[in-house]
Novice: 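I have a structure here, written as C-alpha cells, and I will follow up with some questions on it.
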Amino acid sequence: MRIARVVFLMIWVMIMTNGIEAQQDRTKVLVLFYSDSGGTYELAKEVAKGIEKNGQAIAVIKQTAVSAHPLLKDIPVASADELSAYDGIAFGSPVYFGNISTGMSAFLSKTVDIWQRHALEGIPATVFMSAGSGAGRELAIQGFWNSLAVHGMIIVPSGIRGYEHIDKTTPQGNTVLGTTSLASLKNVARPSESERYLAQLQGEAIAKVASAMKGTFVKAEKTLPVAKADHKNMLKDLGIILPEVPAPAGNYQPFVRSGNLIFINQVALQDGKIVHPGKIGADIDENQARQATEVTMLNVLAVLNKAVDGDLKKVVRCVQLTGIFNTKEGYSKHADLMNIASDLTVKVFGERGKHARGTLGASSLPVNSAVEIQAIFEVE
C-alpha cells in the first residue's frame, strides 16, 4: 500500500510539473488598454478571447492607469517596465480628435527608458480602438503605429480578415489597420457583435504572430551614452520639431527665470506670421484653432528649450499652463482646445508634464492671434 502511494505521488508530481512547464512555455500576450467609460475594455476582452482561442497563448488584460469606473476599478495596472516580459502586446485606446487618448499617450511617454534599452524591439504589436463616430479612426491607429515603430515593434494589422462574415446592414468599425468600435452610433449595442467578432480575429492574429516570433529576438539592453542627446532623439522620434524661438515684439524677454521657475508667454506665431489669426467661431473654425494652439505650445517648448540650454532633462515638471482664446461671445469649448497643449506637454515630458491648468476667453488678443499660452515650468 505504501509503495502504491509513493508511485501515485510521483505520477501526480510529474503531471503537475509537466502542466506548469507547459503553462510557462505558452505565448504570453498583454492586452493593454485605456478606457473612459468601458467601451475599449469591452473590445479588450474580445481580443483576449481570440488570443486564447487555440490554447497556445495566454492573454493578460491590464490598463494604463487606475480608474474609478465601476467596470474598471478592479483591473490591474501595467507598468512600462513590464512590457518587455511579454511575447506580444495588443494596445487599446479611445480615439481623441484623430489621435490616441491622453491616458494612453501618458503611458507611452513613460517608455523612454525601455526605448533606450531597445527592450521592445522585435515584439509583435497590434492596435484596436473605440472610435466614437468613426471620424479619424485610421489616422489615430496610424499615429499609434508611429509610436510603436519607434520601439522597433512588429506591427500586426487586421487586413480584411473576417469582412465577409460581418453584418453589412449597419455601420461597423472594421478597418484594415485594426478593429474599432463605432461607440457613438447607438443603432445597435456597441461594441456590436460584428465588432466583437473582428476583435477576436485580431486577437487570434497577434497570438499566432507572437507564437511564431517568440524567442527569435534577443532583447538588447543598450543604453544611449549621452543623456543630453536622449531628449533630442526622443523629440525627433515623436515627430516633434521645435521652431526657432520667436523674437520679442517689444521691450521684454522670451522667458524670465526666477529661482527654479521659468515663466513663458507665447502666441501662434510661425515664420514671422500669425497662424489662423482672428476670432474663434467667427473668423476661424475649431480645427484651425487647434492648429494654432499646437503652434503656440511648440513655441512655448522652443523657448523652454532655450531657457535650459537645449537640455530638456533639466525640466523638473510643468507647473501651470494657462490658455487664453480669442473667441466670440458665448463660446464655451476653451478646455477642448487647450487639451492640444496639455497632451503635447505630457507627450514630451510624461509624468513631469502633468500640470495645473486654466483656460479663458478674451474679446481680443495681441497681433490678432487666436491663442495665447502662459506657462510656468520648474527646472533644475
Side-chain angles (χ1 to χ4, degrees), residues 20-34 40 44 47-48 50-52 56-66 75-93 100-101 103-128 141 143-157 178 202-227 229-231 233-238 313 346-352:
I20 292 171
E21 289 177 350
Q23 184 85 351
Q24 291 175 339
D25 192 52
R26 290 167 69 187
T27 301
K28 189 162 64 172
V29 180
L30 174 65
V31 183
L32 179 65
F33 74 94
Y34 173 82
T40 311
V47 172
I51 291 169
E52 297 188 338
Q56 301 301 311
I58 301 170
V60 179
I61 300 179
K62 292 192 176 184
Q63 57 184 335
T64 60
V66 175
I75 298 172
V77 175
S79 68
D81 287 336
E82 75 179 77
L83 298 187
S84 60
Y86 296 93
D87 302 306
I89 305 175
F91 293 89
S93 168
I100 63 177
S101 63
M104 181 58 75
S105 181
F107 182 89
L108 292 177
S109 70
K110 300 175 187 177
T111 63
V112 175
D113 288 340
I114 60 175
W115 165 70
Q116 292 175 353
R117 300 197 305 269
H118 303 249
L120 299 182
E121 289 178 1
I123 296 179
T126 195
V127 175
F128 59 94
I141 295 177
F144 209 139
W145 282 5
N146 290 339
S147 296
L148 304 182
V150 167
H151 281 285
M153 303 188 79
I154 297 173
I155 308 299
V156 181
Q202 190 170 353
E204 289 183 51
I206 185 67
K208 183 181 295 185
V209 176
S211 296
M213 300 298 298
K214 183 179 179 180
T216 60
F217 279 79
V218 178
K219 295 182 176 65
E221 293 294 327
K222 301 175 183 177
T223 302
L224 298 181
V226 183
D230 291 349
H231 233 105
N233 287 337
M234 188 191 73
L235 290 176
K236 180 179 178 181
D237 290 328
L238 289 173
K313 290 284 188 181
V346 172
K347 186 175 184 179
V348 172
F349 295 109
E351 289 294 314
R352 296 178 296 144

Novice: So do F91 and I100 actually touch side chain to side chain, heavy atoms under 4.5 Å?
Specialist: no
Novice: Take atom CD in E82; do more than 12 heavy atoms of anything else shown fall under 6.0 Å from it?
Specialist: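 Counting neighbours around CD of E82, more than 12 heavy atoms of other residues, nucleotides or ligands fall under 6.0 Å, so yes.
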Novice: Would you say the side-chain atoms of S211 pair up with the backbone N or O of A207, donor to acceptor, closer than 3.5 Å?
Specialist: yes
Novice: With rounding to the nearest 0.5 Å, note down the distance linking CD1 in I61 to CD1 in I51.
Specialist: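 Going from the CD1 atom of I61 to the CD1 atom of I51 covers 8.0 Å.
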Novice: To check you understand the geometry: which heavy-atom pair defines the closest contact between I154 and G122, and what is its length?
Specialist: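 Result for this residue pair: CD1-O, 3.5 Å.
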Novice: Can you see which heavy atom on P124 is nearest to which on V156, and at what distance?
Specialist: CB-CG2, 4.1 Å
Novice: Give a yes or no on whether the backbone of K110 and the side-chain of E351 come within a donor-acceptor separation of less than 3.5 Å.
Specialist: no
Novice: Do H151 and L108 have side-chain heavy atoms sitting under 4.5 Å apart?
Specialist: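 In short, these two side chains do not touch, never coming nearer than 4.5 Å.
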Novice: Determine the minimum heavy-atom distance between F128 and T40, stating which atoms define it.
Specialist: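 That closest heavy-atom pairing would be CE1-O, 3.7 Å.
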Novice: Would you say the side-chain atoms of T111 pair up with the backbone N or O of I114, donor to acceptor, closer than 3.5 Å?
Specialist: no
Novice: For T64 and L32: C-alpha separation, side-chain torsions, deciding distance, then whether side-chain contact (heavy atoms from CB on, under 4.5 Å) applies.
Specialist: CA-CA 7 Å; T64 60; L32 179 65; 4.0 Å; yes
Novice: Is the side chain of R26 donor-acceptor paired with the backbone N or O of Q56 at a distance under 3.5 Å, no angle test?
Specialist: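 It does not hold such a pair.
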Novice: Would you call K347 and S105 a side-chain contact if the rule is heavy atoms closer than 4.5 Å?
Specialist: yes
Novice: Looking only at heavy atoms, which two atoms of V29 and Y86 are closest? And how far apart?
Specialist: C-CD2, 4.2 Å
Novice: State, yes or no, whether a side-chain contact exists between I123 and D87 at a heavy-atom distance under 4.5 Å.
Specialist: no
Novice: With no hydrogens and no angle check, just 3.5 Å: does a side-chain donor-acceptor pair link Q202 and T126?
Specialist: yes
Novice: Could you go through the side-chain contact (heavy atoms from CB on, under 4.5 Å) check for K62 and F33 one step at a time?
Specialist: CA-CA 7 Å; K62 292 192 176 184; F33 74 94; over 6 Å; no
Novice: Heavy atoms, side chains only, cut-off 4.5 Å: are K28 and V60 in contact?
Specialist: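 A side-chain contact exists here, since the closest heavy-atom pair is under 4.5 Å.
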Novice: Would you say the side-chain atoms of S93 pair up with the backbone N or O of S101, donor to acceptor, closer than 3.5 Å?
Specialist: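 Between the backbone of S101 and the side chain of S93 there is a qualifying donor-acceptor contact (under 3.5 Å).
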Novice: Are any side-chain N or O atoms of E52 and backbone N or O atoms of A59, one a donor and one an acceptor, separated by less than 3.5 Å?
Specialist: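 Looks like yes, one N/O pair under 3.5 Å.
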Novice: Could you give the distance from CE (M213) to CD1 (I206), rounded to the nearest 0.5 Å?
Specialist: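 Here the rounded value is 10.5 Å.
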Novice: Just verifying a value: how many Å separate S109 OG and F107 CZ, rounded to the nearest 0.5 Å?
Specialist: 9.5 Å
Novice: Do M153 and I89 make a side-chain contact, defined as non-hydrogen atoms from C-beta onward lying under 4.5 Å apart?
Specialist: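 A side-chain contact under 4.5 Å exists here.
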